[in-house]
Amino acid sequence: MKQLQTQCCIAGGGPAGIMLGYLLARAGVDVIVLEKHKDFLRDFRGDTIHPSTMEVLYELGLLEDFLRLPHQKLYHLFVKFNDLHGRFVDLTHLPVHEPYIALMPQWDFLNFMTEKASEYSGFHLLREAEVTGLLSAGDEIQGVIARTPDGLLEVRASLTIGADGRSSAVRRLAGLEVIETGVPIDVLWLRIPKEKETRDETLGYFRDGRMMVLIDRDEYYQCGYIIPKGGYDAIRAQGMEQFREGIASLAPQTRAHVAAIRSWDDISLLTVQINHLVQWYRPGLLCIGDAAHAMSPAGGVGINLAIQDAVAAARILAPALSQGAPGIEVLAAVQKRREWPARMIQRIQEAIHNNFINAGEKQLSRNGRGRFFIWLMSHVPLLQRIPARVVGMGFRPERYMRL
Ligand SMILES: Cc1cc2nc3c(=O)[nH]c(=O)nc-3n(C[C@H](O)[C@H](O)[C@H](O)COP(=O)(O)OP(=O)(O)OC[C@H]3O[C@@H](n4cnc5c(N)ncnc54)[C@H](O)[C@@H]3O)c2cc1C
């Protein structure tokens with residue numbers, strides 16, 4: 001079996017893993033990131049880079065280069081609730097360098113960060129390396145075993161990071177306790193063609209307890225069609241025609257194009273979870289990002305939260321790693337710093353699930369109080385700054401340099 005040695009081994013090359021790898025390598029730490037896929041080119045990664053992330057990029061001196069990549073800017077978020085259509089989020093007042101959400105395919109962002117990370121000699125990204133086991137001595141984790149096209153690989157490390165997303169193998173192998181929050185939804189993820197010339201700022205469509213997100217990727221819409229959890233078979237049984245009609249009735253501008261959805265093979269079923277670890281760490285190992293707290297797509301904040309975790313983790317871990325293996329109190333400090341912001345956002349996501357999606361007659365847009373709330377939000381611009389703060393910056397935004 002091939003063997004490698006490093007200071008920090010990161011399982012997972014998503015936003016959390018790549019950002020942490022970049023920051024540690026920049027701080028002079030030797031780091032190996034193991035990513036199970038051979039590229040970042042997967043459709044279901046989510047596309048939103050929020051002001052909190054761009055503030056970090058600014059601080060790192062990467063913002064100018066980042067903004068040269070093709071992207072669209074969303075200064076406001078519009079939402080349609082049955083017959084009510086309005087602006088709900090106004091990001092323009094945020095006290096940041098770029099007060100908008102940049103819509104950019106996540107593979108572009110990850111390729112960009114990987115390119116920047118490769119400028120540091122301590123950064124190593126191994127693709128097609130799937131972590132399948134942990135190395136341990138007594139209670140302490142000392143690295144991982146990964147499956148690669150060339151056979152098994154052993155990576156010994158002072159610290160192992162689980163940044164392998166919501167189905168984290170690392171946290172399972174480490175026996176960390178997961179608390180699941182029941183989520184009533186799954187997402188069907190598909191593309192719908194559109195005219196390049198039209199620009200659509202409405203992101204969320206709610207009607208009669210159904211919901212859909214449409215991300216305008218210039219040449220096509222990336223569509224996230226929300227379905228009741230476990231309801232995919234029932235939707236398939238109703239037939240493709242009815243599914244197309246469901247989309248067109250939520251967003252009439254797609255009606256001329258839904259025929260392009262030809263078969264169920266064009267659609268990916270993404271299971272949504274909200275969960276969190278009771279303890280993010282054990283000796284020699286720490287989980288961050290979705291591996292520590294799986295996020296729902298509601299609010300489109302998970303990528304940015306994962307990046308915030310990476311920033312805090314790097315700030316806390318880099319000095320400790322330069323002295324050897326970080327002690328358990330250092331790993332606990334990362335959880336202490338990041339658990340509250342993640343749990344706050346998860347609670348908001350739960351409220352969105354319960355009040356707007358699949359709530360039937362109880363949904364907010366169907367009762368008087370709810371309709372007044374929606375009307376108020378869309379007519380009082382000052383109120384739109386509150387969700388802007390939560391979506392754009394999250395709670396307890398991180399800076400790399402702050403100690
Ligand atoms: C349908 C859906 C849409 C979403 N849309 C958005 C959005 O628009 N904006 C947003 O901010 N958030 C969105 N989210 C949430 C967001 O995707 C996550 O919160 C975010 O990706 C978490 O980042 P991460 O780096 O922790 O994990 P991930 O992005 O899941 O990355 C984990 C990485 O680890 C790799 N990996 C997994 N297992 C192993 C292994 N055993 N060995 C090696 N590598 C492994 C994976 O291939 C992956 O590259 C969405 C979520 C869902 C379910």
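It should be emphasised that the depicted structure is a prediction, and the values quoted were computed from it without experimental measurement. Read the numbers this way: they start at 1 and go in the same order the structure lists the ligands and their atoms.
- In terms of polar-atom proximity, defined here as any N/O pair under 3.5 Å, Ile288 makes no such contact with ligand 1.
- More than 12 non-hydrogen atoms from other residues, nucleotides or ligands lie less than 6.0 angstrom from NZ of Lys73.
- With a heavy-atom cut-off of 4.0 Å, Ser168 does not touch ligand 1 at all.
- Checking Lys36, Glu35, His50, Arg172 against atom 35 (C) of ligand 1, the nearest heavy atom belongs to Glu35.
- Distances below 4.0 Å separate heavy atoms of Leu34 from the following atoms of ligand 1: 43 (C), 44 (N).
- Residue His37 places at least one N or O, backbone or side chain, under 3.5 Å from an N or O of ligand 1.
- Note: Tyr225 and Trp189 fail the aromatic proximity criterion, with ring centroids not under 6.0 Å apart.
- Shown in contact with Asp47 at under 4.0 Å from a heavy atom are these atoms of ligand 1, numbered in order with element: 7 (C), 8 (O).
- Ligand-side atoms of ligand 1 in range of Ala16: 25 (O), 26 (O), range being under 4.0 angstrom from any heavy atom.
- Contact analysis leaves Ala292 out of contact with ligand 1, as no non-hydrogen atom separation drops below 4.0 angstrom.
- Using a 4.0 Å cut-off between charged side-chain N and carboxylate O, Glu219 and Arg217 make no salt bridge.
- By the criterion of a heavy-atom distance under 4.0 Å, the side chain of Leu270, and not its backbone, is placed next to ligand 1.
- In this structure, a donor-acceptor pair under 3.5 Å is absent between the side chains of Asp150 and Thr148.
- Judged by distance alone, the side chains of Thr6 and His124 never bring a donor and an acceptor atom under 3.5 Å apart.
- Contact atoms of ligand 1 toward Gly165: 27 (O), 30 (O), 32 (C) (distance under 4.0 Å to a heavy atom of the residue).
- Side-chain N/O atoms of Arg210 and Ser249 include a donor and acceptor closer than 3.5 Å.
- For the pair Ala291 and ligand 1, the shortest N or O to N or O distance does not fall below 3.5 Å.
- Contact atoms of ligand 1 toward Asp290: 18 (C), 19 (O), 22 (C), 26 (O) (distance under 4.0 Å to a heavy atom of the residue).
- In this model, no donor atom of one side chain and acceptor atom of the other lie less than 3.5 Å apart for His93 and Gln384.
- His293 and Gln346 form no side-chain donor-acceptor contact under 3.5 Å, judged by distance and modelled atom types alone.
- Judged purely by atom type and a 3.5 angstrom limit, Arg147 has no side-chain atom pairing as donor or acceptor with the backbone of Lys36.
- Taking the centre and axis of the six-membered ring of Tyr221, the NZ or CZ atom of Lys194 falls inside the cone set by 45° and 6.0 Å.
- For ligand 1, the polar-atom distance check finds no N/O of Ser296 at less than 3.5 Å from any of the ligand's N/O atoms.
- With salt bridges taken as basic N to acidic carboxylate O contacts below 4.0 Å, one links Arg68 and Asp65.
- Residue Gly13 approaches ligand 1 through these ligand atoms, each under 4.0 Å from one of its heavy atoms: 33 (C), 34 (O), 49 (O).
- In the candidate list Val170, Asp164, Asp309, Asp164 is nearest to atom 37 (C) of ligand 1, counting heavy atoms.
- In this structure, of Cys287, Ala310, Gly300, the residue bringing a heavy atom nearest to atom 10 (C) of ligand 1 is Gly300.
- Between Thr48 and ligand 1, a contact under 3.5 Å exists for at least one N or O pair.
- In terms of N/O distances under 3.5 Å, ligand 1 is approached by Ile303.
- Counting atoms of ligand 1 from 1 in the listed order, those under 4.0 Å from a heavy atom of Gly289 are 26 (O).
- Taking only non-hydrogen atoms, the option from Gly133, Pro297, Ala163, Gly224 nearest to atom 50 (C) of ligand 1 is Pro297.
- Of the listed options Gly14, Gly12, Gly302, Gly14 places a heavy atom closest to atom 31 (O) of ligand 1.
- When only modelled atom types and interatomic distance are considered, Tyr100 and Glu98 share a side-chain donor-acceptor pair under 3.5 Å.
- Counting all heavy atoms, side chain and backbone alike, Gly299 lies closest to Val391 at O-CG1, 3.9 Å.
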